[in-house]
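Inspection log for the structure reproduced underneath, given as structure tokens.
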Amino acid sequence: MPSSHRTRSKASRPVRSEPAAAEVLSWLSDCIDGGLCFVCKGLLIFENSQFAELVENAPPQAEGGEPALRKRLLDDAIAWNQRDLGSRKSVEYQLLAHDGRPLYYACRFNVVPYRRERGVLMVLEDVTEGVLLAQDASQVARFQSVLARIGTLGVSGVSAQELMNEAVKETAAALDVELCKILVPREPDGHLYIMAGSGLRDDLIGKLTIEGGTHSQAGYAIRERIPVVVDDLRRETRFSASKLLTEHGAVAGMCVPMLVEDRVYGVMTAHSKRVRRFTQKEQEFLCTMANTIGTVLERRRHEETQMDFYHRLFLSAQDGVMMTDTTGRIVDWNPALERMTGWTREEALGQRPVILKSGKHSPEFYERLWQSIRAGQPFVERFVNRRKDGSEFLVWESVSPVKASDGTTQYFMAILTDLSEREQMLEALRHTEQVKLVGQLAGGILHEVRNPLIGLGSLATHLAEQTSLPQEARDRCRLIAREAARIDELLESHLGQLRPRPFDIAACDLASVLDDTFTLLRPNLVKHQILIRTSLAPDLAAVDASRAHILQVCLNIVMNAIDAMPGGGPIYATLTPEFRRVPGVLMRFADGGKGITAEDLKRIYEPFFTNGKAKGVGLGLTITRDIVERHHGQLVIQSPPGQGAVVDVWLPVRHEG
């Protein structure tokens with residue numbers, strides 16, 4: 001364990017180590033998900049390696065070189081030390097990395113007793129990834145709301161100037177920039193005319209023109225027909241900052257062409273007065289906004305009808321778009337929504353959006369929706385919807401009223417953005433955190449479990465060497481010793497370390513693994529009157545895998561099947577080749593038990609979920625899934641109504657990385 005002794009400046013609190021207290025706390029640090037530190041009356045008593053690593057990796061202060069995060073944490077801990085015993089709070093800290101990226105840390109402060117005094121126990125975590133995911137989801141909702149509002153204005157009959165004014169204002173707010181403008185080339189000299197602007201002087205709008213040559217950011221974007229992003233105009237060598245941008249203090253910005261039917265209509269720009277890196281999503285949002293505005297202006301110039309413009313965008317949109325009349329009857333349904341829901345346009349027309357209702361939202365939720373859109377305001381929220389086949393999917397949905405020129409509402413338009421992929425990423429992250437928790441909790445008991453196990457193995461080895469014993473008894477003692485060694489290896493690999501060690505990958509014959517599985521479980525199979533039925537494809541390829549771990553996967557699955565059939569029954573095991581991205585082998589186990597309820601299917605991978613079994617701690621499927629995924633395979637469990645469970649384990653033939 002690293003020393004807790006830290007060198008401090010003169011103005012800082014005195015710091016000295018307390019070895020005895022550190023020894024008392026050392027076991028606890030291995031069971032905590034995050035960095036652990038204990039401070040008492042200005043003295044740093046203990047910190048674990050995770051805490052030290054987190055604060056050392058945080059950006060340093062401008063002076064002294066000491067991590068800024070450590071100083072802030074200790075200052076807060078000393079102040080909190082004055083609180084009553086049992087007091088607790090959680091504080092979030094935001095810092096900037098050297099490259100400008102935001103970093104977020106969360107620390108839980110707890111006032112606890114210590115040697116007839118009070119001390120502060122701190123648990124520190126790096127929550128940057130979670131915070132950024134939440135910010136990303138919030139940004140998606142904000143962008144969708146702005147696009148929905150501008151789309152609504154585009155078909156509502158407002159003037160072109162009013163539409164552009166609203167677009168630059170809303171875009172500047174959504175991107176959190178000070179300057180936003182729309183420029184359109186002027187014939188015949190190609191100068192760029194300022195059609196609308198936010199953050200510019202009012203006397204410039206509609207009057208000023210700027211040069212559109214390729215030496216300017218806007219001119220380059222028009223010529224190359226690509227977005228141009230600049231983090232710092234003061235260091236930019238491709239362009240010269242225009243006088244307009246210099247006068248308004250612009251430093252960083254994006255400039256995107258307004259593309260309409262493969263023709264550049266103009267450019268839309270967004271600039272900040274500080275150095276800034278714009279994300280890919282922000283760039284895509286500005287491109288979408290620019291193309292939308294360009295399309296509106298182009299269609300109006302050609303005096304095409306508003307509905308014609310709407311349907312062209314409607315049919316090409318990647319998000320689902322639905323239009324209803326004021327009574328809620330569906331009057332239009334775009335191709336993206338057909339792909340998303342499984343309902344064709346012809347099936348949906350004339351029906352109500354209730355065909356997507358999943359039952360996961362309360363009547364009050366829908367009442368708020370109708371109150372908002374009837375009041376003329378958009379309603380943006382996360383919806384759990386239902387497809388035609390009954391499966392559920394998650395979307396960001398923006399519902400807005402579409403008004404006529406006299407202000408009356410003619411239609412309601414809903415834009416649906418599928419969030420299924422994002423939810424899968426979050427689910428994978430949650431599963432990873434669960435597996436980490438299992439490893440940390442199990443690490444505390446590993447030492448106590450392995451000691452008697454090693455003793456049993458040693459005793460079995462000793463007995464196997466006794467020539468006075470019958471040969472059959474000696475052989476069984478050798479089997480006990482081998483199994484004890486295998487269990488010890490699995491415990492060390494899966495439960496003994498927070499970061500799993502690499503598998504010993506080698507060519508593995510899955511048919512042989514199945515045979516060993518049923519041999520080891522033969523007494524249980526006979527006792528419970530379980531019949532085994534196997535079907536193996538001929539000439540099956542060996543897979544690259546850790547044989548001991550795949551054997552553990554098969555044992556867990558078959559033991560669960562045995563538990564599911566207390567009165568006996570069949571277990572069907574099959575091995576077949578199956579191509580999924582790459583060549584692989586599918587192991588399928590099917591039992592004749594009562595099956596798994598839909599509610600339990602959602603929880604079977606959670607640590608310690610046992611479905612009421614009399615024995616077992618509920619870690620089997622959690623570990624099984626982790627083993628399969630670390631082999632780059634896939635584990636799928638299904639339970640058709642009225643039938644038993646079907647467990648599919650797919651493994652690639654070649655193990656990459």
message: Main chain of K273, side chain of E178: is a donor-acceptor contact present, judged purely on distance under 3.5 Å?
response: yes
query: Can a salt bridge be assigned to the pair K71 and D75 using a cut-off of 4.0 Å between side-chain N and carboxylate O?
result: yes
Check: S546 main-chain N/O paired with D504 side-chain donor or acceptor under 3.5 Å: no
message: Is the shortest side-chain heavy-atom distance between V395 and R382 below 4.5 Å?
response: no
message: Counting only heavy atoms not in R83 (residues, nucleotides, ligands), do more than 12 fall under 6.0 Å from its CZ?
response: no
- line: The side chain to side chain contact (heavy atoms under 4.5 Å, CB included) partners of R654 (sequence neighbours excluded) come to D544, E656
- prompt: Looking at R70 and E56, what are the two nearest heavy atoms and their distance?
  reply: NH2-OE2, 3.9 Å
- prompt: Is any NZ, NE, NH1 or NH2 atom of the basic residue among R276 and E282 found under 4.0 Å from an Asp or Glu carboxylate oxygen of the other?
  reply: yes
task: Evaluate the criterion side-chain hydrogen bond (donor to acceptor under 3.5 Å, both in side chains) for residue pair S398 and Q144; output intermediate values, then yes/no.
output: CA-CA 7 Å; S398 174; Q144 285 296 330; over 6 Å; no
field: Pair N556-T624, side-chain hydrogen bond (donor to acceptor under 3.5 Å, both in side chains): steps then yes or no
entry: CA-CA 7 Å; N556 286 344; T624 296; 2.9 Å; yes
task: Output, in order, the C-alpha distance, side-chain angles, deciding distance and verdict of side chain to side chain contact (heavy atoms under 4.5 Å, CB included) for L95 and Y104.
output: CA-CA 7 Å; L95 299 93; Y104 298 90; over 6 Å; no
Considering all heavy atoms, the nearest V168-S198 contact: O-CB, 3.8 Å
message: Between Y93 and Y105, is the ring centroid distance below 6.0 Å?
response: no
message: side chain to side chain contact (heavy atoms under 4.5 Å, CB included), that's the test. Do K360 and E392 meet it? Break it down for me.
response: CA-CA 10 Å; K360 294 298 180 68; E392 296 177 354; 3.1 Å; yes
task: Using the test side chain to side chain contact (heavy atoms under 4.5 Å, CB included), find all partners of L286 that sit at least two apart in sequence or belong to another chain.
output: T171, L175, M254, V256, M268, A270
task: Measure across P113 and L85 and return the closest heavy-atom pair with its distance rounded to 0.1 Å.
output: N-CD2, 3.5 Å
Crowding at CZ, R368 (>12 non-hydrogen neighbours, <6.0 Å): yes
query: Can you say whether the rings of H655 and H632 are parallel (under 30°), tilted (30 to 60°) or perpendicular (over 60°)?
result: tilted
message: F38 vs N48, test: side chain to side chain contact (heavy atoms under 4.5 Å, CB included). Steps then yes/no.
response: CA-CA 9 Å; F38 184 64; N48 67 358; over 6 Å; no
message: Checking H271 against L245 for the side chain to side chain contact (heavy atoms under 4.5 Å, CB included) test, could you report, in this order, the C-alpha distance in whole Å, the side-chain angles of both residues, the deciding distance, and whether it holds?
response: CA-CA 8 Å; H271 285 86; L245 292 177; 3.7 Å; yes
task: Decide if atom CZ of R274 counts as having more than 12 heavy atoms of other residues, nucleotides or ligands within a radius under 6.0 Å.
output: yes
query: Given side chains that start at C-beta, do those of V120 and N110 come closer than 4.5 Å, heavy atoms only?
result: no
message: If I take atom CZ from residue R118 and atom OG from residue S87, how far apart are they, to the nearest 0.5 angstrom?
response: 8.5 Å
- prompt: Within the side chain of S639, is there an N or O that forms a donor-acceptor pair under 3.5 Å with the backbone of I596?
  reply: yes
- line: Nearest heavy-atom contact between K281 and D136 is CD-OD1, 3.1 Å
A174 versus R142, closest heavy-atom pair with distance: O-NE, 3.1 Å
query: So, F379 versus F365, ring centres under 6.0 angstrom or not?
result: yes
Donor-acceptor contact below 3.5 Å, side chain S358 vs main chain V384: yes
query: Between T517 (side chain) and V513 (backbone), is there a donor-acceptor pair under 3.5 Å?
result: yes
